[in-house]
Amino acid sequence: MSTNRRTDPFQAVIFDMDGVLTRTADLHMQAWKQIFDDYLSRQSNQQSFSRTDYLAYVDGKPRYQGVEDFLHSRQLTLPYGKPSDSADCDTVCGLGNRKNACFLKLLENKGVEVFEDAVAALKRWRRGGMKLAIITASRNGQRILEEAGLMDAVDVVIDGTVAAEKELAGKLEIMREAAHGLNVAPANAVIVEDATAGVRAGREGEFGLVVGVSRNGNETELREAGADHITADVYGVSFLRQLPNALDHMEDLSAWRGTRPLAVFLDFDGTLAEITEEPGKAEISTEARSALQKFSCPVAVISGRDREDLQSRVNVEGIYYAGNHGFDIAGNGHQHTLPEADNAVKYVDQAEAMARARVGDLSGVIIERKRYSLAVHYRKVKSEDVVEEVRNVVEDMRRQTGLRKRNGKKVLELEPDVDWHKGRALRWLIDILPVSGKEPPFIVYVGDDVTDEDAFSALREDGPGIYVGDALTCSLADYHVRDPEEVLQLLHSLADADAPLK
Ligand SMILES: O=P(O)(O)OC[C@H]1O[C@H](O[C@H]2O[C@H](CO)[C@@H](O)[C@H](O)[C@H]2O)[C@H](O)[C@@H](O)[C@@H]1O
């Protein structure tokens, strides 16, 4: 994403409503289809209104403009009329009014459904102190947001009614008005849009980042319209922002948790243990170990290390251990490894042999063989040329073995290319946790590395992701703590919070 070049954080997110936050886009499409098909059936040689027509000519535009643009695409013209035209008039306004009456009827019958991923992202960004706006060209925007319970979830709402009152012509002016209402410059705001017209407006308005949401499989169109980043899942969208420190927000965490039972998940290197020059030297402090021992709730450590190695370094009984980035899980009578990972061991063997032969003797390179993966460390390598050589060789190894390559902190890793990672391991563990009561557990996940982002992403509303590192980050976490020392403080606070629910 283009965010890497920025050194200042984004301050606001402006969400399009229909199709991004609410599922009303389908209702709009149905309403448009009903009225256009009726009209087209009375014209000669016209095919019915399609989803392609909807996406190309109508989606994301003010109602009457949508009518005009679609009719124009079919070489049809109607008198414009006036907004007060009755719904049975064959004018641009009449057709638009007919569509609205049809839409409201559908809304009444079917209600408003929201996209959970976008609502969860909105909540996360709000917790992180981002300014938020929802925009829509729909004159029914406020009504829809009230029904969806989202009216109070953001700072500014600009819908078609507000746009008409303020004489805002089109999406770009609506976006600018939202940025103005949030008191941020467009360059410091992120636009989240599913319509090509909206993406184009975001680009034209020079907003800092334009995210295209491809729920309709329209990636190509969104890319051509100029989206910086395309996603089908808003929850996975990351950009540079300033995370609050979890230690300053323990009361917010406690309010979020409510009466749910606690479960604590942690990464090892860089989280429980300080990063060291050599992997073999990383150690958990005695304080951190005894903090883990004090928890009565479930605790799991999920690491890129081999599980046995991890277990012997952490050395706490009664907790869950997931090694090899979650490929190998065990604890409290449970055991889980993936058959696909077992089948890939021969390729890891092959990769290891290649690594030892081609970079094993290079000064500073450390090769760490794990059961399901191989790490080639270059933290101690002094020469940039050698680092480059390591990169090239690992890329070669990836091509020849079919294993997946992952970047870590001064390490390149190869692992089985299957749909499994720390996030999947986290969800697997959540499912087997021995939690009492009917409420789902409140999960706290603490991690510092790229692979922990899969876990942050898998959390959704289960609880906070806490990133270990600088506040200024692209992490998908909700909060940060600075370093393993602050992780220890966090563990103490969580242990206190765990005590009353024993
Ligand atoms: O998931 P984690 O527990 O964070 O493990 C990720 C990798 O951590 C280790 O490497 C990292 O820590 C080393 C010790 O501090 C450091 O020397 C190295 O540069 C880091 O990349 C571990 O050796 C790997 O196997 C893990 O995958």
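In each ligand, atom 1 is the first atom listed, and ligand 1 is the first ligand listed.
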Check your understanding: Under 4.0 Å from any heavy atom of E277, which atoms of ligand 1 are there?
Key -> 17 (O)
Practice item. May I ask which of G304, A282, G447, G280 has a heavy atom nearer to atom 5 (O) of ligand 1 than the others do? Key: G304
Practice item. Look at atom 27 (O) of ligand 1 and say which protein heavy atom is nearest, naming residue and atom and giving the distance to 0.1 Å. Key: E413 OE2, 2.5 Å
**Study point:** F10 six-ring centre to R6 NZ/CZ under 6.0 Å and within 45° of normal
**Key:** yes
**Study point:** Parallel, tilted or perpendicular: rings of Y372 and F327 (30°, 60°)
**Key:** tilted
Review point. Can you list the ligand 1 atoms lying under 4.0 Å from a non-hydrogen atom of I275?
Key: 12 (O), 15 (O)
Point to revise | ligand 1 atoms in contact with D267 (distance to a heavy atom under 4.0 Å) | key: 1 (O), 2 (P), 3 (O), 4 (O)
Practice item. May I ask you to decide if the ring planes of Y320 and H334 are parallel, tilted or perpendicular, using 30° and 60° as cut-offs? Key: tilted
**Study point:** Shortest protein contact, atom 8 (O) of ligand 1 (heavy atom only)
**Key:** D269 OD2, 3.0 Å
**Study point:** Atoms of ligand 1, numbered as shown, that sit under 4.0 Å from any heavy atom of K370
**Key:** 24 (C), 25 (O), 26 (C), 27 (O)
Review point. Tell me: protein heavy atom nearest atom 21 (O) of ligand 1, and distance?
Key: K409 O, 2.5 Å
Exercise for review: Just need the protein heavy atom nearest to atom 19 (O) of ligand 1, so name the residue and atom and give the distance.
Suggested key: R379 NE, 2.7 Å
Review point. Which one holds for E278 and ligand 1: side chain close, backbone close, both close, or neither close, with close meaning a heavy atom under 4.0 Å?
Key: backbone
Review point. What about D449: any of its N or O atoms under 3.5 Å from an N or O on ligand 1?
Key: no
Review point. Is there at least one pair of N or O atoms, one from F268 and one from ligand 1, spaced under 3.5 Å apart?
Key: yes
Review point. When you measure from the centre of the six-membered ring of F115, is the NZ or CZ of R215 under 6.0 Å away and within 45° of the axis?
Key: yes
**Study point:** Given T24, D18, D16, the one that forms side-chain hydrogen bond (donor to acceptor under 3.5 Å, both in side chains) with T136
**Key:** D18
Exercise for review: Spell out, as yes or no, whether a donor-acceptor pair under 3.5 Å connects the side chain of T473 to the backbone of D470.
Suggested key: no
Review point. Can you tell me if D449 uses its side chain to pair, donor with acceptor, with the backbone of T451 under 3.5 Å?
Key: no
Point to revise | Check: D452 N/O within less than 3.5 Å of ligand 1 N/O | key: no
Study note, to complete from the structure: Heavy-atom proximity to atom 18 (C) of ligand 1, picking from H325, H377, R369, points to H377
**Study point:** Nitrogen or oxygen of V411 less than 3.5 angstrom from that of ligand 1
**Key:** no
Review point. Y235 ring centre to R124 NZ or CZ under 6.0 Å, with the angle to the axis within 45°?
Key: yes
Check your understanding: Considering distance alone, does some N or O of T451 sit under 3.5 Å from an N or O of ligand 1?
Key -> no
Point to revise | Closest non-hydrogen atom pair between A458 and R427, with its separation | key: O-NH1, 2.6 Å
Exercise for review: State, with a plain yes or no, whether a side-chain heavy atom of I14 is found less than 4.5 Å away from one of V192.
Suggested key: no
Point to revise | Proximal candidate to atom 15 (O) of ligand 1 [heavy atom criterion; set L374, T276, L266] | key: T276
Practice item. Establish, yes or no, whether a centroid distance under 6.0 Å links the rings of W125 and F239. Key: yes
Review point. Looking only at protein heavy atoms, which one is nearest to atom 24 (C) of ligand 1, and how far off is it?
Key: E368 OE1, 3.4 Å
